[in-house]
J.: 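Sharing a structure, written as structure tokens. Questions coming.
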Amino acid sequence: MLNCNSMHLLFALFIIHILFCSSRGQLLVGFYSQTCPTAESIVRSVVDETIKQDPGNAAVLLRLQFHDCFVEGCDGSILINNGAEGEGGAGGNLGVGGFDIIEDAKSKLESVCPGVVSCADIVALAARDAVSSANGQFYEVPTGRRDGRVSSKTLAANLPDVDDSIQLLKSKFWQKGLSDKDLVLLSAGAHTIGLTACFFMQKRLYNFTTTGGSDPSINPGFLKLLKATCPFNGDPNVKIPLDPVSEFTLDDQIFLNIKNGLAVIASDARLYDDNNTRRILESYIGSERSFQADFAEAMVKMGKIDVKTGSQGEIRRVCSVVN
Ligand code: HEM
């Protein structure tokens with residue numbers, strides 16, 4: 001039998017548990033349905049408009065969510081303009097964009113529901129809308145993220161790098177609670193749209209081996225093509241499609257490309273180096289439907305990395321500046 005003191009203790013623990021859980025909160029599909037019912041449609045119309053102007057913006061917005069979530073969790077910290085010392089100043093964030101698109105959606109949202117919708121949620125919703133506009137499967141995005149207040153270059157030092165080994169790529173994803181399957185789906189899956197700068201190809205094309213050779217996994221005919229587009233000492237800013245076969249369509253094509261030595265960046269090629277990631281990759285070749293469903297699931301999972309909810313963080317008024 002519990003005596004009166006133990007009952008009080010249990011009751012106190014129960015209250016602490018309730019307070020702790022409610023301050024942490026949780027993500028919910030339709031989080032803004034009462035507080036800002038038009039939130040998702042406003043984001044959608046901004047995304048549709050920007051992709052109508054430039055179809056390449058779908059890839060820009062998809063990449064933005066990855067770079068947001070991998071540093072300090074999905075908290076919109078990538079958007080904070082903290083100069084060279086901020087996240088944006090980290091080498092791994094080179095070329096990341098879409099900030100103005102998120103800011104545009106934010107200012108429209110502030111005019112209808114001020115102080116309600118977080119920048120972090122706008123990033124997640126915009127990535128979802130970008131995926132579906134690029135022919136990817138539509139998925140529900142659980143919302144309720146709150147914005148972080150910290151943006152630091154040092155915190156972004158450990159982003160996955162294009163020249164990482166497969167072991168390192170796997171471990172960087174594990175550290176974020178993502179599996180080998182998520183690594184294959186998210187990195188190769190996302191790279192089925194968008195571009196890379198020749199800058200990221202240099203090592204792979206001209207300095208992969210100790211004798212200055214190229215990555216032997218590249219198909220010889222494709223290597224010639226890549227070298228012609230990205231010559232040694234050429235302009236590092238020239239851009240080429242990550243999926244030369246279907247640049248604007250989010251589909252399972254890239255898995256076949258990788259198998260055939262047609263991966264453009266090294267980190268995609270590395271997915272074929274490891275037994276487990278190779279097996280996963282091959283399972284999606286010609287399996288468009290399961291790729292679409294699993295990619296959507298992996299995006300939702302990535303969108304939950306270290307989120308701030310409840311009373312944590314803040315709802316920024318302007319995405320580039322903390323309140
Ligand atoms: C293994 C980890 C990854 C590495 C090493 C990596 C690396 C890169 C690199 C080097 C580029 C070219 C950037 C440029 O030239 O500006 C790129 C582009 C891109 N990445 Fe990744 N990435 C990874 C994972 C992801 C993930 C998880 C996503 C999203 C879910 C993603 C989405 C994209 C998209 C859509 C582009 C094209 C961007 C554009 O056209 O502007 N990447 N990535």
Side-chain angles (χ1 to χ4, degrees), residues 50-51 54-71 74 78 88 90-99 101 123-124 126-128 130-131 133-134 136 139 141 156 158-204 229-230 235-244 246-251 254 258 263-274 277 281 291 294-303 305:
T50 191
I51 291 174
D54 178 357
N57 281 336
V60 171
L61 289 168
L62 175 54
R63 186 176 186 218
L64 181 62
Q65 192 188 6
F66 162 54
H67 287 254
D68 182 28
C69 293
F70 264 62
V71 182
C74 314
I78 180 95
N93 279 328
L94 217 71
V96 174
F99 307 88
I101 306 168
V123 170
R128 182 272 310 275
V131 165
S133 83
Y139 53 91
V141 176
N158 208 24
L159 275 163
D161 185 87
V162 71
D163 294 314
D164 284 346
S165 69
I166 184 63
Q167 282 313 324
L168 193 51
L169 292 171
K170 282 164 59 148
S171 89
K172 286 181 177 177
F173 272 64
W174 292 342
Q175 281 163 29
K176 300 292 169 192
L178 299 175
S179 64
D180 289 357
K181 183 175 166 188
D182 298 320
L183 165 65
V184 173
L185 280 164
L186 291 169
S187 63
H191 293 161
T192 189
I193 58 171
L195 307 170
T196 179
C198 287
F199 173 82
F200 293 105
M201 311 284 301
Q202 285 303 306
K203 181 157 185 231
R204 178 160 208 235
T229 322
C230 300
D235 179 354
N237 298 313
V238 168
K239 297 250 181 183
I240 55 169
L242 286 158
D243 170 5
S246 55
E247 179 187 340
F248 296 111
T249 317
L250 197 126
D251 57 13
I254 196 149
I258 296 172
V264 173
I265 53 173
S267 58
D268 287 348
R270 299 291 74 79
L271 299 172
Y272 216 66
D273 288 359
D274 170 86
T277 51
L281 189 152
F291 160 64
D294 293 356
F295 179 77
E297 203 179 299
M299 283 297 290
V300 172
K301 191 169 166 192
M302 182 177 81
I305 298 174

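Every number for a ligand or one of its atoms is a count from 1 in the order of the listing. Note that the structure is predicted; figures quoted are calculated from it, not measured.
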J.: How far is atom 4 (C) of ligand 1 from its nearest protein heavy atom, and which residue and atom is that?
T.: Ser267 OG, 3.8 Å
J.: Counting heavy atoms only, which of Arg270, Glu247, His191, Lys170 is nearest atom 42 (N) of ligand 1?
T.: His191
J.: Which of the numbered atoms in ligand 1 are below 4.0 angstrom from a heavy atom of Asp161?
T.: 5 (C)
J.: Would you say Lys239 contacts ligand 1, with heavy atoms under 4.0 Å as the rule?
T.: yes
J.: Using a strict cut-off of 4.0 Å, indicate which atoms of ligand 1 neighbour a heavy atom of Gly194.
T.: 37 (C), 40 (O)
J.: Numbering the atoms of ligand 1 from 1, which are under 4.0 Å from a heavy atom of Leu169?
T.: 1 (C)
J.: Taking atom CZ of Phe248 as the centre, report whether more than 12 heavy atoms of other residues, nucleotides or ligands fall under 6.0 Å from it.
T.: yes
J.: Can an N or O of Arg63 be found at a distance shorter than 3.5 Å from an N or O of ligand 1?
T.: yes
J.: With heavy-atom distances below 4.5 Å as the criterion, would you say the side chains of Ile166 and Leu271 are in contact?
T.: yes
J.: Nearest protein heavy atom to atom 12 (C) of ligand 1, by residue and atom, and its distance?
T.: Thr196 OG1, 3.4 Å
J.: With the side chain counted from C-beta on, respond yes when Leu250 and Leu62 share a heavy-atom pair under 4.5 Å apart, and no when they do not.
T.: yes
J.: Please write down residue, atom name and distance for the protein heavy atom closest to atom 40 (O) of ligand 1.
T.: Leu195 N, 2.8 Å
J.: Under 4.0 Å from a heavy atom of Leu242: give me the atoms of ligand 1 that qualify, with their elements.
T.: 18 (C), 19 (C), 36 (C), 37 (C)
J.: Applying the side chain to side chain contact (heavy atoms under 4.5 Å, CB included) criterion to Leu61, which one of Val123, Ile101, Val131 satisfies it?
T.: Ile101
J.: Quick check: do Leu186 and Met299 have side-chain heavy atoms less than 4.5 Å from each other?
T.: yes
J.: Would the number of heavy atoms belonging to other residues, nucleotides or ligands and lying under 6.0 Å from CD of Gln202 be above 12?
T.: yes
J.: Name the closest protein heavy atom to atom 15 (O) of ligand 1, giving the residue it belongs to and the distance to 0.1 Å.
T.: Ala197 N, 2.7 Å
J.: Check each atom of ligand 1 against the heavy atoms of Leu186 and keep those under 4.0 Å away; list them by number with element.
T.: 26 (C), 27 (C), 28 (C), 30 (C)
J.: Looking only at protein heavy atoms, which one is nearest to atom 31 (C) of ligand 1, and what is the separation?
T.: Ala190 CB, 3.6 Å
J.: Do Leu242 and Ile193 make a side-chain contact, defined as non-hydrogen atoms from C-beta onward lying under 4.5 Å apart?
T.: no
J.: Can a donor-acceptor pair be found, under 3.5 Å and without considering hydrogens, that links the side chain of Asp182 to the backbone of Ser179?
T.: yes
J.: Could you tell me whether the side chains of Thr277 and Asp180 share a donor-acceptor contact shorter than 3.5 Å?
T.: no
J.: Anything under 30° is parallel, anything over 60° is perpendicular, the rest tilted; go ahead and classify Phe66 against Phe70.
T.: perpendicular
J.: In the protein, which heavy atom is nearest to atom 41 (O) of ligand 1, and how far is it?
T.: Val60 CG2, 3.5 Å
J.: For atom 2 (C) of ligand 1, what's the nearest protein heavy-atom neighbour? Residue, atom name and distance, please.
T.: Pro160 CB, 3.6 Å
J.: Within a strict 4.5 Å, meaning less than it, do heavy atoms of the Phe99 and Ile78 side chains meet?
T.: yes
J.: Is any N or O atom of Phe66, backbone or side chain, closer than 3.5 Å to an N or O atom of ligand 1?
T.: no
J.: Which residue and atom name correspond to the protein heavy atom nearest atom 9 (C) of ligand 1, and how close is it?
T.: Ile265 CD1, 3.9 Å
J.: Which atoms of ligand 1 sit under 4.0 Å from any heavy atom of Ser187?
T.: 1 (C), 24 (C)
